[in-house]
Structures are given as structure tokens and as C-alpha cells.
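What follows is one structure encoded as C-alpha cells, with my remarks underneath.
Remember, it's 1-based here, ligands and their atoms both numbered in the order they're listed.
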Amino acid sequence: MNHLLTMENLDRGTLESLLDEADDFAEVLTRPIPKVPALRGKTVATMFFEPSTRTRMSFEKAAKALSADTVSFSPGTSALSKGESLKDTVLTVRAMGVDLMIVRHQATGAPWRIAEWLDIPIINGGDGAHQHPTQALLDCLTIRQRFGSLDGLTIAIVGDVKHSRVARSDIFAMTALGAKVILVGPSTLLPLDPEAWPVTVTSNLDEVLDAVDVVYLLRVQTERGGASVFPSLAEYAVKYGMNTERLARLRPDAVVMHPGPMNRGVEIGYDVADDDRSLVLQQVTNGIAVRMAVLFRLIGGEQDA
Ligand code: NCD
């Protein structure tokens, strides 16, 4: 593995071995001193051209738990505002002795371009509505910890699938690990070509509630035009929001997930995120272990964790 850009071409063996490694790193994170020297002397750069709370901080924490140094780029305070190009920006950061870059960008494909320009591993931290591979890995780790395996599970991904890079990555990872994925949402928020994917689709959430093991909720991506295709957020919440009434109709062992940031009262009821059956914060915690596994795989060399 030279880069981690997409979930589309990762086979089951690679996915499972990354998740196994993440389980080991999760154990490291529970120690009194949650740190190992695996990446001592390496420098990791977070290049986030789009806003982020979880993904950026999680990568920073993961790098530090492996004893790597971190440098961080923010567009608002950078020379981008003086007209510097994307290519010159990343070449500049590379020239500072950076060993790996994590890139989030509003443009689909930006991490691939950067991977062509630079001679170091690139991790896609989310490109446009396209891919967000480490989110899919942390989601699969969280499901695997709860159910033992994804094999034979039914997972409903609900909401703004059309604009969701999380859904695009999750679909490939979850199905590669043996789960069945149902996309649920208003037809205007479902992809135009769902038959190109290994999924089934429906616009009726209530009809699938008692058949699923995981309800995976997506945020309506207002910044990508998500809210412009239905009458109001209130109406969306009535038809597709995971409220307490719907929660009660799930199977007893079914769980609710969300990648964050959540819009409580829209796709997820005010209290649902805090319910015992919500894995939202476990997803966040697992994000660190998964990103440690990916960083170690890409720049850990022959060293032993
Ligand atoms: C997501 C993203 O930015 O793609 N958040 C995340 O990384 N956990 C989902 C979103 O913005 O809705």
C-alpha cells in the first residue's frame, strides 16, 4: 500500500489486517502512557483545505500516539490567500521534510493530484463528495467490535447519500467485509446510478427498520446543495429522522451510527445520539486507532509496533 486514497480497490484481506492492527492500537490507547515509539523521527502534515473537527484532531492524536511530529496547514491563515497554488503549497510543505500528508479538499480527486506531484504517501481525509477512507475503516472497526464480524449483517445508510463521501467509502468497505447495504433516502438524495453499486435502495425508512442491524445516519450536506432538493428540514426529519419512536422499532441488538457532525433534530433525534444503542462516540474513539494503523502501514517501515 503506497497511499490510502479510496476504499474502492481494497480487498477483504487488506481491510481485515488493517482492522486487526487497529484493534492492537486501541489497546495501546488504553495504557497509562498511551504512546509507542513506532514513528519516532517521522513528520506527518495535516493539510485541511475544508473544515474539520474530528478527522484532523484524530489524525494528530494518532500521529502523536505513534511518536511522530505533526505540522498543520490551515487555508484561512496560509499564503493561499496571497494566491499561492495548491501545487506550490504542497511542494513547500514537502520541502520542510514531511514524510506523509493527510489531505482534505473540496475538489474530488485533489489527493490523487497531490500524490502525483509528491514522492510521499498521501491519505485522503475526504475529497468533495467522493471518498473518505479512514471514516469507513473506523465505522467497520466499530461494527466489528460490536457484532464480532460484518458478515451477514444488514446495514441501512440513511439520508444524503448523493453528496456523501462517507457513504461512498462505507459502501465499498462494508460490502467487502460481507455486509448487505441498503441505501435509504428521498430519491433526490440517492445516487442516480445505484445499480452501479453493490447495494439495494428504498425511499421508505419505516419499512426497513425491523430488518437492519445498523442504522447509519448521514448529515444533510447543505454546503453541497443537499437541502435544496426537499421542502424543509422539518419535513426531512419527519420522514427520515431517527427519532425515539423509530429507535423503539429496531431489533433489540441493533445500533445507530453517525460520522458527525450531527444535526440533532434533523437526521438524528435530540436524545437518540445519547442512547445506549448509539455508537457515535465509540466511532470517534476508534478513529484514532484506525488512523494509527494506517499511518503505521504507510510509513512504519520494517519497525515493529
Ligand atoms: C464527515 C465529512 O466531513 O465527510 N465528517 C467526518 O469526517 N466525520 C461527514 C459530514 O461532514 O457530514
task = Can you pull out the closest protein heavy atom to atom 5 (N) of ligand 1? Residue, atom name and distance to 0.1 Å, please.
result = Gly260 O, 2.8 Å
message = Show the nearest heavy-atom pair for residues Ile299 and Pro121, with the distance to one decimal.
response = CG2-CG, 3.8 Å
query = Are His132 and Arg104 close enough that a side-chain donor and a side-chain acceptor fall under 3.5 Å?
reply = yes
ask   = Does Glu50 reach ligand 1, in the sense of a heavy atom lying below 4.0 Å from it?
value = no
query = Hey, which atoms in ligand 1 end up nearer than 4.0 Å to a heavy atom of Thr55?
reply = 6 (C), 7 (O)
Atom indices of ligand 1, in the order listed, that fall short of 4.0 Å to a heavy atom of Arg104 = 2 (C), 3 (O), 7 (O)
remark   = Looking only at protein heavy atoms, what sits closest to atom 11 (O) of ligand 1 is Arg219 NH2, 2.9 Å
Residue pair Thr6 / Gln131, side-chain donor-acceptor N/O under 3.5 Å = yes
ask   = Would you say the side chains of Asp139 and Thr142 form a donor-acceptor pair under 3.5 Å?
value = no
query = If hydrogens are left out, which of Arg54, Arg165, His132, His163 has an atom nearest to atom 3 (O) of ligand 1, that is, the closest non-hydrogen atom?
reply = Arg165
query = How are the rings of Phe296 and Phe25 set to each other: parallel, tilted or perpendicular (split at 30° and 60°)?
reply = perpendicular
query = So, does Gly126 sit close enough to ligand 1 that a heavy atom of it is under 4.0 Å from the ligand?
reply = no
key: Closest protein heavy atom (residue, atom, distance) for atom 8 (N) of ligand 1   = Pro259 O, 2.9 Å
inquiry  = If you count every heavy atom of other residues, nucleotides or ligands that lies below 6.0 Å from Lys35 atom NZ, does the total exceed 12?
reply    = yes
